[in-house]
Amino acid sequence: IPGYGDSPPSEMVVTAQGRMTFLDHVLQELGMQRPVLISPSMSGRFALPFLLVQGDRLAGFVPIAPVGTKDYTVEQYRRVQTPTLILYGDRDTGLAPQALQNLQHLPEHRVAVLPGAGHACYLDKPEGFHQALLGFLRQLK
């Protein structure tokens, strides 16, 4: 993610619009048609604005305790028709409950909780994570 970790800062990603544009450019450069967007933690700042404005371009959305869910209204979430798998570890007592509280307003959502997993549930319980993800992907059109 530009500006996080060891990556250089980027003026483009200062605003939600800029982050949405950045993600749009990435998807275009990769030639992706209706991808499933998987969004753990900090990537929520990119994925959520994209989902709320251009969610119809996605085949599915998999938020994993993303940041920024409280920045949007119930009405904004309710307009999104993208099939969504809200996925988190039951030991993530920080971001996961807040993300679930907000994301549950997405009309086409289902929830998968990984027992014994923390915030990085895909690292803590990779088998359970992949099982939940593959089950979701199989049911998409």
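Keep in mind that the numbers below use all heavy atoms, side chains included, and drop hydrogens, waters and symmetry copies.
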Enquirer: If Ile, Leu, Val, Met, Phe, Trp and Tyr residues are connected whenever their side-chain heavy atoms lie under 4.5 Å apart, and connections chain through other members, are L51 and M32 in the same group?
Expert: yes
Enquirer: Indicate whether the side chain of Q98 and that of N102 have a donor and an acceptor atom separated by less than 3.5 Å.
Expert: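 No donor-acceptor contact under 3.5 Å links the two side chains.
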Enquirer: Taking C-beta and beyond as the side chain, do C121 and D92 meet within less than 4.5 Å on heavy atoms?
Expert: no
Enquirer: Would a single hydrophobic cluster contain both Y77 and L87, if residues Ile, Leu, Val, Met, Phe, Trp and Tyr are joined by side-chain heavy-atom contacts under 4.5 Å?
Expert: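 Not linked; separate clusters.
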Enquirer: Rounded to the nearest 0.5 Å, what separates atom CZ in R19 from atom CG in D24?
Expert: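 Separation between the atoms: 15.0 Å.
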Enquirer: Is there a path of hydrophobic side-chain contacts, each under 4.5 Å between heavy atoms of I/L/V/M/F/W/Y residues, joining L30 to F46?
Expert: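 Linked, F46 and L30 end up in one cluster.
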Enquirer: If you compare all heavy atoms of A117 against all heavy atoms of K125, which two are closest, and at what distance to 0.1 Å?
Expert: CB-CG, 3.6 Å
Enquirer: Exactly one of V111, L48, T84 should register a side-chain contact (heavy atoms from CB on, under 4.5 Å) with L103. Which one does?
Expert: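 For L103, the side-chain contact (heavy atoms from CB on, under 4.5 Å) check succeeds only for L48.
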Enquirer: What pair of heavy atoms forms the shortest contact from G118 to D124, and how long is it?
Expert: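 Minimum heavy-atom contact is N-OD2, 2.6 Å.
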Enquirer: Where do H119 and I64 come nearest, in terms of heavy atoms and distance?
Expert: O-CG2, 4.4 Å
Enquirer: Side chains of Q17 and P49: closer than 4.5 Å at any heavy-atom pair?
Expert: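 In short, these two side chains do not touch, never coming nearer than 4.5 Å.
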Enquirer: Are there over 12 heavy-atom neighbours, none belonging to R91, within less than 6.0 Å of that residue's CZ?
Expert: no
Enquirer: Would you name the heavy atoms of I86 and Q104 that are closest together and state the gap between them?
Expert: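 Closest approach of I86 to Q104: CD1-N, 4.0 Å.
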Enquirer: Rounded to the nearest 0.5 Å, how far apart are CG of D56 and CZ of R79?
Expert: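 Atom-to-atom, D56:CG and R79:CZ are 13.0 Å apart.
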Enquirer: What pair of heavy atoms forms the shortest contact from D90 to G116, and how long is it?
Expert: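 It is OD1-N, 2.8 Å.
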Enquirer: Step by step, work out the side-chain contact (heavy atoms from CB on, under 4.5 Å) result for T69 and L100.
Expert: CA-CA 9 Å; T69 61; L100 177 62; over 6 Å; no
Enquirer: Please say yes or no: joined through hydrophobic side-chain contacts below 4.5 Å, possibly via intermediate residues, are Y88 and Y122 part of one cluster?
Expert: no
Enquirer: Is there a side-chain contact (heavy atoms from CB on, under 4.5 Å) between F136 and R110? Walk through the geometry before answering.
Expert: CA-CA 9 Å; F136 175 69; R110 64 180 181 148; 3.5 Å; yes
Enquirer: Test side-chain contact (heavy atoms from CB on, under 4.5 Å) on M20 and R45; report intermediate values, then the result.
Expert: CA-CA 9 Å; M20 187 178 66; R45 295 257 183 246; over 6 Å; no
Enquirer: Kindly work out whether a path of hydrophobic side-chain contacts (I/L/V/M/F/W/Y, heavy atoms less than 4.5 Å apart) joins V80 to V74.
Expert: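 Per the 4.5 Å side-chain linkage, V80 and V74 are not co-clustered.
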Enquirer: So F61 and V36, side-chain contact (heavy atoms from CB on, under 4.5 Å) or not? Walk me through it.
Expert: CA-CA 6 Å; F61 179 56; V36 173; over 6 Å; no
Enquirer: Please identify which of these residues, T82, V62, L23, meets the side-chain contact (heavy atoms from CB on, under 4.5 Å) condition with L37.
Expert: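 Testing each of T82, V62, L23 against L37, the sole residue satisfying side-chain contact (heavy atoms from CB on, under 4.5 Å) is L23.
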Enquirer: Tell me the closest heavy-atom pair linking L140 and A59, and the distance in Å.
Expert: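 So the minimum-distance heavy-atom pair works out to CD2-O, 3.6 Å.
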Enquirer: Verify the neighbour count for atom CD of E108: are there more than 12 heavy atoms of other residues, nucleotides or ligands below 6.0 Å?
Expert: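 Yes, enclosed.
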Enquirer: Could you grab the distance from atom CD of Q33 to atom CZ of R57, nearest 0.5 Å is fine?
Expert: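 One gets 8.0 Å once the value is rounded to the nearest 0.5 Å.
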Enquirer: Counting heavy atoms not belonging to Q139, are there more than 12 under 6.0 Å from its CD?
Expert: yes
Enquirer: Taking E29 for its side chain and V26 for its backbone only, find out whether a donor-acceptor pair lies under 3.5 Å.
Expert: no
Enquirer: Considering residues, nucleotides and ligands other than E127, do more than 12 of their heavy atoms fall under 6.0 Å from its CD?
Expert: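 No, not enclosed.
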Enquirer: Quick one: does L58's side chain get under 4.5 Å of R34's, heavy atoms only?
Expert: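 In short, these two side chains do not touch, never coming nearer than 4.5 Å.
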Enquirer: When you measure from the side chain of H25 to the backbone of F22, do you find a donor-acceptor pair of N or O atoms at a distance under 3.5 Å?
Expert: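 Answer holds: no.
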